[in-house]
Every structure is written in structure tokens, then in C-alpha cells.
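The chains referred to below are lettered A, B, ... by the order of the sequence lines, with proteins before strands, and numbering in each begins at 1.
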Protein chains: 2
Amino acid sequence: MKWDTLDEEQCSLSRTIAVVGDRWTLLILRECFLRVRRFEGFQSSLQITRHLLSERLKKLVRSGILRRVPYSEAPKRYEYILTQKGLDLYPIIMAMVHWGDTHMGDERGRPLLHEHKTCGKLFDPVMVCSECGDPLHAKQVHVHAGPGRKEVVG
Amino acid sequence: MKWDTLDEEQCSLSRTIAVVGDRWTLLILRECFLRVRRFEGFQSSLQITRHLLSERLKKLVRSGILRRVPYSEAPKRYEYILTQKGLDLYPIIMAMVHWGDTHMGDERGRPLLHEHKTCGKLFDPVMVCSECGDPLHAKQVHVHAGPGRKEVVG
DNA sequence: AGGCTATAGTTCCAAAATAGAACTGTCAAA
DNA sequence: TTTGACAGTTCTATTTTGGAACTATAGCCT
């Protein structure tokens with residue numbers, strides 16, 4: 001597969017994978033949601049090589065997920081801030097964190113707890129149907145071809 | 001980073017990434033949710049090299065996400081079925097599909113539509129708080145160190 | 001003025017992962 | 001007996017990563 005044109009695929013999952021489908025990108029985004037914004041911050045907390053970090057940040061900026069904002073004029077220095085498009089990745093990250101808590105946990109318990117500020121409680125993320133509000137399960141979902149589908153599969 | 005011990009990291013996201021954090025694995029899982037079960041099925045719909053497909057399927061079986069079930073005795077043939085642990089990845093996949101639909105769509109419209117069998121309507125997946133049921137947004141969440149956390153960050 | 005430190009990268013080479021194609025082995029059907 | 005379907009394995013070439021060192025700008029200290 002030609003990963004460089006993955007974002008032109010018909011499948012929405014492929015298009016998402018094109019931008020966030022690698023290990024480092026996902027970990028960088030985790031740091032973004034933990035309020036890390038600067039090159040040295042990402043580098044020291046992730047132990048990613050500077051070369052790859054540089055690559056990934058550029059790609060995230062090109063994809064419109066991060067904005068590169070100057071925070072110092074002399075010397076010129078920038079920090080990386082999530083755009084709305086980037087903030088909208090939150091459910092993906094939370095879904096992954098929750099699956100890890102549920103299925104990959106160890107005896108120590110979960111490393112982070114999440115508090116929902118609007119209700120004040122510790123919570124788990126739950127994915128529900130936008131129409132009826134019930135929790136979603138794979139077996140209750142039927143897939144139809146949509147308007148953007150070239151040929152029918154599945 | 002040593003990717004082979006990523007599943008021993010303290011971070012739940014890292015542990016999830018250890019098993020589903022690469023492009024092909026995610027695409028294979030998409031096919032699983034579209035009811036593909038066999039080697040040739042995955043190979044022909046994804047155009048993945050047979051070598052990598054073989055590797056990834058083995059890893060998914062080792063991780064307990066797929067089960068390798070015989071469907072023919074002579075010759076011995078197997079198919080790959082999602083376990084409950086695998087089925088629980090559904091929110092991750094759906095979150096990614098939904099983000100792709102929202103932010104990476106093109107003029108043709110979305111390729112697939114999802115019907116919730118229990119309510120009969122076409123829906124979008126929404127991530128909500130398990131406690132109050134409100135939709136989750138990154139800025140409304142506060143992170144605490146949990147019992148499995150060695151040191152405090154973030 | 002000279003040297004140290006902080007920040008944000010870039011460059012270079014070795015090691016690992018992936019792509020692409022061909023090959024293996026088992027069995028059924030023609 | 002030949003062909004085809006299925007489920008892989010093996011091989012080499014290319015691409016991506018990892019790891020370490022290097023560059024560049026500017027503030028601060030003496």
C-alpha cells in the first residue's frame with residue numbers, strides 16, 4: 001500500500017490512519033492532551049529521537065491537527081497547540097486508554113484517573129448511539145454503503 | 001523506545017498502542033468488524049503482503065484479540081475470529097471512522113453509513129461520561145494520578 | 001569579551017521493518 | 001494428471017527508525 005496517498009482512500013478509517021496511525025504520533029498526541037506544547041517537552045517525556053519528533057510534528061501541522069505558534073521572537077521559538085481538529089481526536093485517545101485500562105491492566109491498577117469537571121465525578125468513557133443514547137456494541141451495528149462508496153463490500 | 005516491551009509501560013495508551021498501534025493492524029481489525037475471517041479475504045481486500053499479514057495475525061492471536069479457529073480438517077485451515085477483547089476494540093475503530101468522516105471527508109460524502117439495529121436509525125458514535133451521560137470534551141476532563149502511577153506528571 | 005546553558009532543530013550512519021515477488025504444501029474437482 | 005483454492009513461508013531490495021553528534025540563536029554570568 002502507498003501510505004503517502006492513504007488520505008485519498010475511500011475509507012474513513014484509512015484516512016484517519018493516514019494521520020494518526022503510527023505509534024509515535026499517538027504518543028505525541030497523548031502528550032498534547034496532557035498540556036505538553038514544546039519540542040523539548042515532547043522529547044524528554046517520550047524519549048523519541050529528535051529527528052522523528054521533528055518529522056511527526058511537521059506532519060501533524062501539515063494535517064491541521066497542531067498549530068505552530070511563536071512564543072518567543074528572539075530567538076524564534078514555537079510551540080505546538082492542538083487545533084479543533086486535533087481536539088476532536090480526544091475520543092480516539094480516550095477509547096484507547098479505556099481499552100488499555102480494561103484489557104491490558106496490571107495488578108497496580110490504572111495509572112491515571114479521569115475526572116469530568118462538569119459533573120465532578122471520576123468516569124470512564126462510553127461510546128453511545130447519537131440517536132438513542134444506548135451504548136454501542138459491534139454486533140448491534142449494520143453497515144450500509146454510503147454516497148461516497150464506489151463499490152459495495154462487507 | 002523498545003516497542004517489544006511497550007505493553008509493560010505504565011501508560012494505558014502505550015499498552016493499547018503495543019497491540020493496535022500500527023497501520024496494518026488497524027486495517028485488519030476493520031476487516032474483522034466487516035466480517036472478514038480468512039487469510040485470503042484479508043489479503044485480497046487490503047492488498048497487504050502475505051508476509052506481513054501472517055505476522056500481524058499471529059500477533060493479534062498472541063494478544064488475545066483474535067482466535068484461530070479451524071474450519072476445515074483436511075486440509076487444515078483456520079479462520080480468525082474476534083474474541084471479546086477484540087470486540088471491545090470497536091469504540092476505537094468507530095471513533096477513528098467518525099473522526100475521518102468529520103475531518104477528512106471529501107465531496108463524495110461518507111463511504112459507509114452505520115445503522116443501530118436496536119433503534120433502527122443511522123447514527124454517529126458519541127463518547128459520553130459514564131457518570132452523567134454528557135458528551136465528553138478534552139477541556140472538561142481533569143487528570144489525576146491513579147494507583148498504578150509511579151510518579152506524577154501532566 | 002568568553003564561556004555556559006536552554007531551546008529547537010538537522011545531519012549522518014547503522015539497524016530494523018516493510019514491500020514485492022516467488023515459492024511450498026495440502027487437498028478437491030475436472 | 002493438471003489445475004485451482006487456500007494458507008502460509010522465504011528471499012532480496014527499499015524505506016523507516018534509532019542513536020548519537022552537530023548547528024544555530026540568544027540570554028546570563030564572570
Side-chain angles (χ1 to χ4, degrees), chain A residues 1-7 9 14 17-29 31-32 35-63 66-82, chain B residues 1-7 9 14 17-29 31-32 35-63 66-82:
Chain A
M1 185 171 290
K2 41 310 154 236
W3 295 117
D4 48 341
T5 57
L6 197 57
D7 55 352
E9 292 270 312
S14 299
I17 289 173
V19 276
V20 301
D22 78 282
R23 284 144 144 63
W24 283 125
T25 299
L26 256 357
L27 291 171
I28 289 168
L29 287 168
E31 297 302 306
C32 291
R35 317 278 194 270
V36 173
R37 295 158 133 76
R38 298 184 185 174
F39 193 93
E40 297 297 321
F42 294 112
Q43 205 281 319
S44 64
S45 64
L46 294 175
Q47 298 298 103
I48 183 177
T49 65
R50 309 177 74 74
H51 178 53
L52 269 210
L53 176 57
S54 176
E55 287 295 308
R56 292 293 188 273
L57 289 173
K58 276 180 199 158
K59 191 177 161 196
L60 286 167
V61 170
R62 277 202 308 280
S63 313
L66 297 177
R67 252 175 321 130
R68 188 160 173 269
V69 181
Y71 72 89
S72 150
E73 281 306 315
K76 270 278 186 187
R77 298 226 185 289
Y78 299 88
E79 53 188 12
Y80 297 87
I81 313 277
L82 285 164
Chain B
M1 184 172 290
K2 42 310 153 239
W3 295 118
D4 48 341
T5 57
L6 197 56
D7 55 351
E9 292 270 313
S14 299
I17 288 173
V19 274
V20 299
D22 79 284
R23 284 143 144 63
W24 282 125
T25 299
L26 256 358
L27 290 171
I28 289 168
L29 288 168
E31 296 303 306
C32 292
R35 318 277 194 270
V36 173
R37 295 158 133 75
R38 298 182 185 176
F39 193 92
E40 297 295 322
F42 293 112
Q43 205 281 319
S44 63
S45 64
L46 294 176
Q47 298 297 103
I48 182 177
T49 66
R50 309 176 74 76
H51 177 52
L52 269 211
L53 176 57
S54 176
E55 287 294 308
R56 292 294 188 271
L57 289 172
K58 276 179 199 159
K59 192 177 160 196
L60 286 166
V61 170
R62 277 202 307 279
S63 313
L66 296 179
R67 252 176 320 132
R68 187 160 173 270
V69 181
Y71 71 89
S72 150
E73 282 305 318
K76 270 277 187 190
R77 299 224 184 290
Y78 298 88
E79 52 188 13
Y80 297 89
I81 313 277
L82 286 165

Distance, rounded to the nearest Å, where Gln43(B) contributes CD and dG20(C) contributes P
11 Å

Going 5' to 3' through nucleotides 17-24 of chain D and flagging B where a protein heavy-atom sits under 4.0 Å of the base, S where only the sugar-phosphate is that close, and - otherwise, we get SSB-B---

Grab the CD1-P distance between Ile28(B) and dG8(D) for me, whole Å please.
12 Å

Across all chains, not counting sequence neighbours, the side chain to side chain donor-acceptor pair (under 3.5 Å) partners of Gln47(B) are none

State, with a plain yes or no, whether a side-chain heavy atom of Asp22(B) is found less than 4.5 Å away from one of Asp22(A).
no

Closer than 4.0 Å, any side-chain N/O of Tyr80(A) to the OP1 or OP2 of dG9(C)?
yes

Could you tell me how far apart Arg37(B) (CZ) and dC6(D) (C1') are, to the nearest whole angstrom?
17 Å

Search all heavy atoms of Pro75(A) against all heavy atoms of Ser72(A) and return the closest pair with its distance.
O-OG, 2.6 Å

From CG of Leu53(A) over to P of dG9(C), roughly how many Å is that when rounded to an integer?
8 Å

Tabulate protein N/O versus nucleotide N/O from nucleotides 1-3 of chain C, keeping only pairs under 3.5 Å, one per line.
none

Determine whether Val20(B) and Leu26(B) make a side-chain contact, defined as any pair of heavy atoms from C-beta on separated by less than 4.5 Å.
yes

Which pair of non-hydrogen atoms, one from Ala18(A) and one from Asp7(A), has the smallest distance, and what is that distance?
CB-N, 3.7 Å

When all nucleic acid strands are considered with a 4.0 Å heavy-atom cut-off, which category describes Tyr71(A): base, sugar-phosphate, or nothing?
sugar-phosphate

Extract all donor-acceptor atom pairs below 3.5 Å that involve side chains of residues 36-45 of chain A and protein atoms in other chains or at least two apart in sequence.
| residue | atom | partner | partner atom | Å |
| --- | --- | --- | --- | --- |
| Arg38(A) | NE | Glu79(A) | OE1 | 2.9 |
| Arg38(A) | NH2 | Glu79(A) | OE1 | 3.3 |
| Glu40(A) | OE2 | Arg50(A) | NH2 | 2.6 |
| Gln43(A) | NE2 | Ile48(A) | O | 2.8 |
| Ser44(A) | OG | Glu40(A) | O | 3.0 |
| Ser44(A) | OG | Gly41(A) | O | 3.4 |
| Ser45(A) | OG | Glu31(A) | OE1 | 3.0 |
| Ser45(A) | OG | Gly41(A) | O | 3.0 |

Rounded to the nearest Å, what distance is computed from the CD atom of residue Glu73(B) to the C1' atom of nucleotide dA7(D)?
15 Å

Hey, is the side chain of Arg68(B) poking within less than 4.0 Å of OP1 or OP2 on dG8(D), counting only N and O atoms?
yes

CD on Glu9(B) to CG on Leu27(A), rounded to 0.5 Å:
8.0 Å

By side chain to side chain donor-acceptor pair (under 3.5 Å), Tyr80(A) pairs with (sequence neighbours left out) Arg68(A)

In whole angstrom, give the distance that lies between atom CG of Leu57(B) and atom C1' of dC6(D).
14 Å

In whole angstrom, what separates Glu79(B)'s CD from dA7(D)'s P?
8 Å

Which heavy-atom pair separates Thr25(B) from Val19(B) by the least distance, and what is that distance?
CG2-O, 3.4 Å

Which atoms form the tightest heavy-atom contact between Lys59(B) and Ser63(B), and what is the distance?
O-OG, 2.7 Å

Please write out the pairs of protein N or O atoms and N or O atoms of nucleotides 13-15 of chain D separated by less than 3.5 Å, giving the distance to one decimal.
none

Approximate separation, where rounding is to 0.5 Å, of Ile81(A) CD1 and Cys32(A) SG
8.5 Å

Take Leu66(A) and Leu57(A), measure what side-chain contact (heavy atoms from CB on, under 4.5 Å) needs, and give me the verdict at the end.
CA-CA 8 Å; Leu66(A) 297 177; Leu57(A) 289 173; 3.9 Å; yes

Ranking dA26(D), dA7(D), dA8(C) by distance to the side chain of Phe39(A), first place goes to dA8(C)

Less than 4.0 angstrom between a side-chain N/O of Lys58(A) and OP1 or OP2 of dT10(C), yes or no?
yes

